[in-house]
**Student:** 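Once you've had a glance at the structure underneath, I'll fire off some questions.
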Amino acid sequence: GENVEQHPSTLSVQEGDSAVIKCTYSDSASNYFPWYKQELGKRPQLIIDIRSNVGEKKDQRIAVTLNKTAKHFSLHITETQPEDSAVYFCAASNRARGSQGNLIFGKGTKLSVKP
Amino acid sequence: EAQVTQNPRYLITVTGKKLTVTCSQNMNHEYMSWYRQDPGLGLRQIYYSMNVEVTDKGDVPEGYKVSRKEKRNFPLILESPSPNQTSLYFCASSLALSSGGEQYFGPGTRLTVT
């Protein structure tokens, strides 16, 4: 089955700097890669996702890149702000019709943005 | 308002006392799932359901049961809770997986088993 590794487990940056979180996956059939943000005491919420037919996707200060050959994908946050402080989870799944399609999550990265 | 709801939000119980955590969604989603979240372990899937009367085991199903008699509800049942089931539980739902789309999470249920 799919296995997702996420690094680093904790990340501390100064406000305004960039933050990068990396994930690797094992199942080459995986084709959907979402990123979730979980603020303290709250539920995970989707912030961006990418499908395997795209190499990069950007939404304002957040971008995700995907390297299918190497089976890794990364979250990039530019111009970080204190409100970006949270735990971020990557996930992978195979969303082809007929597949199980369940999301397999990484173990999370706790991002702290210092003012 | 489109949402996933869970009840109760907090529960303290004793070993062996059966309990049910309810989950309901109002978005007509086919897919529903239960996760547990433990420090350092991320989100691990317990059970999922692709549609009414269709359920299957996730990665950590031992000690749990589910049912999907209606599209909107997906209760999680602990027949004989044990302390190692102390955790934060999330229910989630989405459209059929092949349709793509976001998985929406409920607010979470913090369970303590003593």
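Proteins come first, then strands; the chains are lettered A, B, ... in the order of their sequence lines, and each starts at number 1.
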**Student:** Given the rule that I, L, V, M, F, W and Y join up when any side-chain heavy atoms are under 4.5 Å apart, are B/W34 and B/Y64 in one cluster?
**Tutor:**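 As far as the 4.5 Å side-chain criterion goes, B/Y64 and B/W34 are connected within one cluster.
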
**Student:** Check step by step if side-chain contact (heavy atoms from CB on, under 4.5 Å) holds for B/Q45 and A/L103.
**Tutor:** CA-CA 8 Å; B/Q45 189 176 52; A/L103 281 174; over 6 Å; no

**Student:** Does the side chain of A/N102 come within less than 4.5 Å of B/D59's, by heavy atoms?
**Tutor:**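 They are not in side-chain contact.
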
**Student:** Is it true that B/L78 and B/Y47 fall in one hydrophobic cluster, defined by side-chain heavy atoms closer than 4.5 Å?
**Tutor:**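 Both belong to a single hydrophobic cluster.
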
**Student:** With only heavy atoms counted, which part of B/F105 is less than 4.5 Å from chain A, the side chain, the backbone, both or neither?
**Tutor:**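 Both parts, backbone and side chain.
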
**Student:** Spell out the residues in residues 105-115 of chain A that have some non-hydrogen atom less than 4.5 Å away from a non-hydrogen atom of chain B, in order of number; otherwise answer 'none'.
**Tutor:**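 At a heavy-atom separation under 4.5 Å, chain B is reached by A/F105, A/G106, A/K107.
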
**Student:** Can you name the residues of residues 37-47 of chain A that have some heavy atom under 4.5 Å away from a heavy atom in chain B?
**Tutor:**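 Against chain B, the residues of residues 37-47 of chain A that fall inside the cut-off (heavy atoms, under 4.5 Å) are A/Q38, A/K42, A/R43, A/P44, A/L46.
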
**Student:** Quick check on A/E15: does its CD atom have over 12 non-hydrogen neighbours (other residues, nucleotides or ligands) under 6.0 Å away?
**Tutor:**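 Yes, enclosed.
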
**Student:** Around A/Q14, counting heavy atoms of other residues, nucleotides and ligands shown, do more than 12 lie under 6.0 Å from its CD?
**Tutor:**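 Count over threshold, so yes.
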
**Student:** Can you tell me which of B/S33, B/G106, B/G40 forms the most heavy-atom pairs within a distance under 4.5 Å of chain A?
**Tutor:**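 Top option by heavy-atom pairs under 4.5 Å: B/G106.
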
**Student:** Using the rule that Ile, Leu, Val, Met, Phe, Trp and Tyr join whenever any side-chain heavy atoms are under 4.5 Å apart, tell me whether A/Y32 and A/Y25 fall into a single cluster.
**Tutor:**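 No; tracing contacts between hydrophobic side chains, which count when under 4.5 Å, never links both residues.
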
**Student:** So what's closer than 4.5 Å to chain A heavy atoms on B/Y35: side chain, backbone, both or neither?
**Tutor:**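 For B/Y35, side-chain heavy atoms alone lie under 4.5 Å from chain A.
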
**Student:** If hydrophobic clusters are built from ILVMFWY residues whose side chains come within less than 4.5 Å, do A/F33 and A/V64 share one?
**Tutor:**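 Yes, A/F33 and A/V64 fall within the same hydrophobic cluster.
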
**Student:** Take a 6.0 Å sphere around NZ of B/K71 and say whether it holds more than 12 heavy atoms from other residues, nucleotides or ligands.
**Tutor:**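 Counting neighbours around NZ of B/K71, more than 12 heavy atoms of other residues, nucleotides or ligands fall under 6.0 Å, so yes.
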
**Student:** Grouping I, L, V, M, F, W and Y whenever their side-chain heavy atoms are under 4.5 Å apart, do A/V87 and A/I48 come out in a common cluster?
**Tutor:**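 Looking at the clustering, A/I48 is in a separate group from A/V87.
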
**Student:** Would you say CD1 of B/I12 has more than 12 non-hydrogen atoms from neighbouring residues, nucleotides or ligands within 6.0 angstrom?
**Tutor:**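 Check fails, neighbour count at 12 or below.
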
**Student:** Flag yes if more than 12 heavy atoms outside B/R110 fall under 6.0 Å of its CZ atom; otherwise flag no.
**Tutor:**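 No, because the 6.0 Å sphere around CZ of B/R110 holds 12 heavy atoms or fewer from other groups.
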
